[in-house]
**Q** 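One structure, as structure tokens, below. Some questions next.
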There are 2 protein chains.
Amino acid sequence: MAVPETRSEQLARALEDDICAGRALPGMRLDEQVLAQRFGTSRTPVREALKMLAAQGFVEIRPRQGAVVVGLDVRQVLELFEIMAVLEGLCARLAARRMTPAERADLMAVHAECQRLAVAGDPDTYYAMNTRFHEVIYAGSHNRQLEEETRRVRNRLSPYRRNQLHQLGRVAKSVQEHDDVVRALLEGDADRAETLMRRHIGIQGDGLSDFVSNMSMPQAVSNPQPVLAGTLGRPTIVR
Amino acid sequence: MAVPETRSEQLARALEDDICAGRALPGMRLDEQVLAQRFGTSRTPVREALKMLAAQGFVEIRPRQGAVVVGLDVRQVLELFEIMAVLEGLCARLAARRMTPAERADLMAVHAECQRLAVAGDPDTYYAMNTRFHEVIYAGSHNRQLEEETRRVRNRLSPYRRNQLHQLGRVAKSVQEHDDVVRALLEGDADRAETLMRRHIGIQGDGLSDFVSNMSMPQAVSNPQPVLAGTLGRPTIVR
DNA sequence: AGTCATCTTCATGCATGCAAGACAGTCGAT
DNA sequence: ATCGACTGTCTTGCATGCATGAAGATGACT
């Protein structure tokens, strides 16, 4: 066991995490040397990690100009949401037929917790539990490739979702939509589960348009950005 | 223009192409030094290319044991087909509403060519035109992220699709399904276009995929594979 | 003979070195 | 003063070197 993880993999995970968690904002420059020092390695594993992240769409590497956290414009975010909707919809469809009794119990438990936090907790704790809710459904699809793919798209969007739930009434609506999905799932109604999930994620519900109108482009490129965990920021020119 | 491409990017594209075209078969060992010599570079850009391909699921890198072209077992292939179906379905749905007149004309032209080759040509030339047909629809979705995502999944599956159309009667059926899709697309019937495309890509009926996804498949590939473009094959042990 | 331990060989993972290209700042010209 | 070319500095891209760990071979022991 305990597959020894290479430095480059560790770095890739750490950086992806920084991006997803909003610690590294879109447009932020990722200086190889700075990162190498920060993680106590040479530039080589850092470069390899950046290449991996670039291949997955988390960072952009412009030849001879270094790596930058990808900044998505409104259009691209919407495009990803369209994808997200069908992927999560498929997860729900498959989960409706494939979830084991244990998984169904799990789903209900997490959903109940969501309901509790919807009124009791703050948006951030709800956000965490909401993530778990969706993860349960990914897993319930019993399709690993789909699970990974969906999670990857979700992660790419995460910098832009952070404040989504701070919107007034959004949490309540979210949990209500979950409720509908859960019902369909438990009844094994694949078609309905898919449709409801697609609506929950996608354009159809007003959730998204609300989201867009409130979207605070987390630094939609073009202006100088500080280097992650460093003071050696160099202005970033785009295009 | 003419963004100078780095060696690592060139290598990544070349290797991905080898994999998609079936020149590098699943399970094949990708030796860094051999590749470096083949492309006339050092190991560094080769390693970076391999990391990128690994991040996209084309190769697998086991620490200290080198890179291998990913070998998917039956289950994983089916999982990817399930994803492919919804992605292409979404492409069709969006294309039904978004394609420009020029794009619609293009679609009809390519489709006509498909019909011609279906009877006149051999499966391989049809395969090429079939690919173009689908590409037109990807583009018609006017969703770049989706286009890339769909193409990526398609490429991951391509080693396993090669012979799909050699099956008796498959070409005729394929072109007929295309015809139905085209009709829905041109009529702007998004729902129908999506449904038909999903059916076209997916495994007919959910029964089979359900069955397979719930049975545990033994590991595929566990026998020695030759190194790409080299004779220094070393047995590849999996797990 | 079969199994296990040790040794040898070699590929990988990472560090370092070096040349080319990009950005910033300076200087000169209009 | 603005614009452009030139120069200096710095970062990136790639080559190379070296230590670690894995695969295979050799040999001893049961």
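Per chain, numbering begins at 1; letters A, B, ... match sequence-line order. These figures come from a predicted structure and were not determined experimentally.
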**Q** For B:R43 and B:Q33, indicate whether the former's side chain and the latter's backbone hold a donor-acceptor pair under 3.5 Å.
**A** no

**Q** Just checking, is any N or O donor in the side chain of A:H142 or B:E79 under 3.5 Å from an acceptor N or O on the other one?
**A** no

**Q** So which protein nitrogen or oxygen atoms get under 3.5 Å of nucleotides 12-15 of chain C's nitrogens or oxygens?
**A**
{"from": "C:dT12", "atom 1": "OP1", "to": "B:R29", "atom 2": "NH2", "distance (Å)": "3.4"}
{"from": "C:dT12", "atom 1": "O3'", "to": "B:R64", "atom 2": "N", "distance (Å)": "3.4"}
{"from": "C:dT12", "atom 1": "O2", "to": "B:R64", "atom 2": "NH1", "distance (Å)": "2.6"}
{"from": "C:dG13", "atom 1": "OP1", "to": "B:R64", "atom 2": "N", "distance (Å)": "3.1"}
{"from": "C:dG13", "atom 1": "OP2", "to": "B:R47", "atom 2": "NH1", "distance (Å)": "2.6"}
{"from": "C:dG13", "atom 1": "OP2", "to": "B:R47", "atom 2": "NH2", "distance (Å)": "3.4"}
{"from": "C:dG13", "atom 1": "N7", "to": "B:R43", "atom 2": "NH2", "distance (Å)": "3.0"}
{"from": "C:dG13", "atom 1": "O6", "to": "B:R43", "atom 2": "NH1", "distance (Å)": "3.3"}
{"from": "C:dC14", "atom 1": "OP1", "to": "A:R7", "atom 2": "N", "distance (Å)": "2.5"}
{"from": "C:dA15", "atom 1": "OP1", "to": "A:S42", "atom 2": "N", "distance (Å)": "3.2"}
{"from": "C:dA15", "atom 1": "OP2", "to": "A:S42", "atom 2": "N", "distance (Å)": "2.6"}
{"from": "C:dA15", "atom 1": "OP2", "to": "A:S42", "atom 2": "OG", "distance (Å)": "2.3"}
{"from": "C:dA15", "atom 1": "O5'", "to": "A:S42", "atom 2": "OG", "distance (Å)": "3.3"}
{"from": "C:dA15", "atom 1": "N7", "to": "A:T44", "atom 2": "OG1", "distance (Å)": "2.9"}

**Q** Could you grab the distance from atom CZ of A:R75 to atom CD of B:Q145, nearest 0.5 Å is fine?
**A** 10.0 Å

**Q** Between A:Y127 and A:R161, is there a side-chain donor-acceptor contact under 3.5 Å, judged purely by atom types and distance?
**A** no

**Q** Rounded to the nearest 0.5 Å, what separates atom CD in B:E147 from atom OG in B:S141?
**A**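 Rounded to the nearest 0.5 Å, the CD-OG separation comes to 6.0 Å.
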
**Q** Roughly, in whole Å, what's the span from CG in A:L50 to C1' in D:dG13?
**A** 13 Å

